[in-house]
Amino acid sequence: MRRFAYTRADDVDAAIAALADCPDGVFLGGGTNLVDLMKLGVVSPGLLVDVSRLPLAEVRETAGGGLWIGAGVRNSDLAAHPAVRSRYPALSQAVLAGASGQLRNAATTGGNLLQRTRCLYFQDVGKPCNKRVPGSGCPAREGVHRDLAVLGHSEACVATHPSDMAVALAALDAVVHLRGPEGGRTVDLTDFHRLPGDAPHLDTVIRHGELVLAVELPPPPTGGSGYRKVRDRASFAFALVSVAAALDVREGTVHDVRLAFGGLAHRPWRARAAEDALRGSRATEESFGRAADAELAAAEPLRDNAFKVPLARNLAVRVLSGLAGRGGTAAVTEGTAS
């Protein structure tokens, strides 16, 4: 591991200033992803600015009826928070599905959004990887790619974003609050993560020196919400496919719907085509299936991951059907895939 400097920031402005003149510096929160990547030699920052003690661990109601979630809120606290469990069950379920209890006790909201892909070529410094070394190639396209992207990928990268939490936030229309050397700004969660294009080393639109302050949720959607994940084993594992949805059914007709997929793309995939197809339709399995087909028509699976397309379709139908049938929260029952 490369030698690095370390400092602990006393406040947000001090943290931002510490990185302003250090192009290879990074913020350190829970460290559950960053420290692993440093040990592997995947990243070698020259400076770590510890932001874990900053006053960013608050969950509170907003004046508009939404929820403010500080970037330093631990995943375990977020999942257990009464307002999250009762008003945004998809988010609580996604966080609980995302990691072991020990990791949830350390990982933070901001860090979860910024975690890097688990593509094995990215994590192996002995292999080329455009995300790690731009221009070196993407061996996953012809190599091991069973777990990787079927939507939005490029010749340069087929990696997937690993977060469960971010998929639920995408479906719930969350907004990310940032502050950096040039001041503060907000970014819709659906625009925060990037598709790879020809610059897959850029995971998000965050600028150097910007700190995630919080995630803000609008008022909870009318109807119910839920999250479901399919993975290779019932114990801690990343999603092959996941679905977060919010559904408002009135007199058997879909009044509103929000749908997002995980495990399919370089970012949480908001299913706009499926949503457009469903609004005003009858809330039936047939309608849900047609809407999922409309979204997944853009899929371009590789040699070994075409199974993800029908898996995503069936999972979306099941989650939406569960919400329509219960008029409330879709139960989280883990699936496995062989």
What pairs meet the side-chain hydrogen bond (donor to acceptor under 3.5 Å, both in side chains) rule with one or both residues in residues 20-48, with sequence neighbours excluded? Arg2-Asp24
side-chain contact (heavy atoms from CB on, under 4.5 Å) involving Ala156 - partner list, sequence neighbours excluded: Asn130, Ser154, Pro200
According to side-chain contact (heavy atoms from CB on, under 4.5 Å), who are the partners of Val249, at least two apart in sequence or on a separate chain? Leu247, Ala283, Ala324
Please name all residues satisfying side-chain contact (heavy atoms from CB on, under 4.5 Å) with Glu285, sequence neighbours left out, ordered by chain then number. Val317, Ser321
If you compare all heavy atoms of Glu295 against all heavy atoms of Ala273, which two are closest, and at what distance to 0.1 Å? OE1-N, 2.8 Å
For a quick check under 3.5 Å, do Ser52 and Asp50 share a side-chain donor-acceptor pair by atom type? yes
According to the ring pair (Phe, Tyr, Trp, His ring centres under 6.0 Å) rule, which pairs have a member within residues 111-166, sequence neighbours left out? His161-His193
In chain order, what residues pass the side-chain contact (heavy atoms from CB on, under 4.5 Å) check against Thr108, with sequence neighbours excluded? Arg74
Pairwise side-chain contact, Leu113 with Met165, heavy-atom cut-off 4.5 Å (strictly under): yes
Using a 4.5 Å side-chain heavy-atom cut-off and chaining through intermediate ILVMFWY residues, the residues clustered with Leu148 come out as Val158, Leu302
Using the rule given for salt bridge (charged side-chain N to carboxylate O under 4.0 Å, His left out), can you reason through Glu275 versus Arg279, listing the C-alpha separation, both sets of side-chain angles and the distance that settles it, and then say yes or no? CA-CA 6 Å; Glu275 293 174 356; Arg279 291 189 183 96; 3.5 Å; yes
Under 3.5 Å, sequence neighbours excluded: what are the donor-acceptor pairs made by side chains of residues 214-223?
unit_1 : atom_1 : unit_2 : atom_2 : d
Glu216 : OE1    : His177 : NE2    : 2.7

With Asp248 via salt bridge (charged side-chain N to carboxylate O under 4.0 Å, His left out) - residues at least two apart: Arg250
Any ring pair (Phe, Tyr, Trp, His ring centres under 6.0 Å) pairs touching residues 3-59, not counting sequence neighbours? none
Between Leu213 and Leu56, what is the shortest heavy-atom contact and its length? O-CD2, 4.0 Å
Identify the residue among Asn112, Asn105, Leu96, Leu103 that makes a side-chain contact (heavy atoms from CB on, under 4.5 Å) with Asn75. Asn112
Only pairs at least two apart or in different chains count here, so list each ring pair (Phe, Tyr, Trp, His ring centres under 6.0 Å) that has a residue in residues 245-293. none
Taking atom types as modelled, is there a side-chain donor on Arg85 or Ser92 under 3.5 Å from an acceptor on the other? no
Can a donor-acceptor pair be found between the side chains of Ser225 and Tyr88 at a distance below 3.5 Å? no
By the side-chain hydrogen bond (donor to acceptor under 3.5 Å, both in side chains) test, which pairs, at least two apart or in different chains, include something from residues 298-309? none
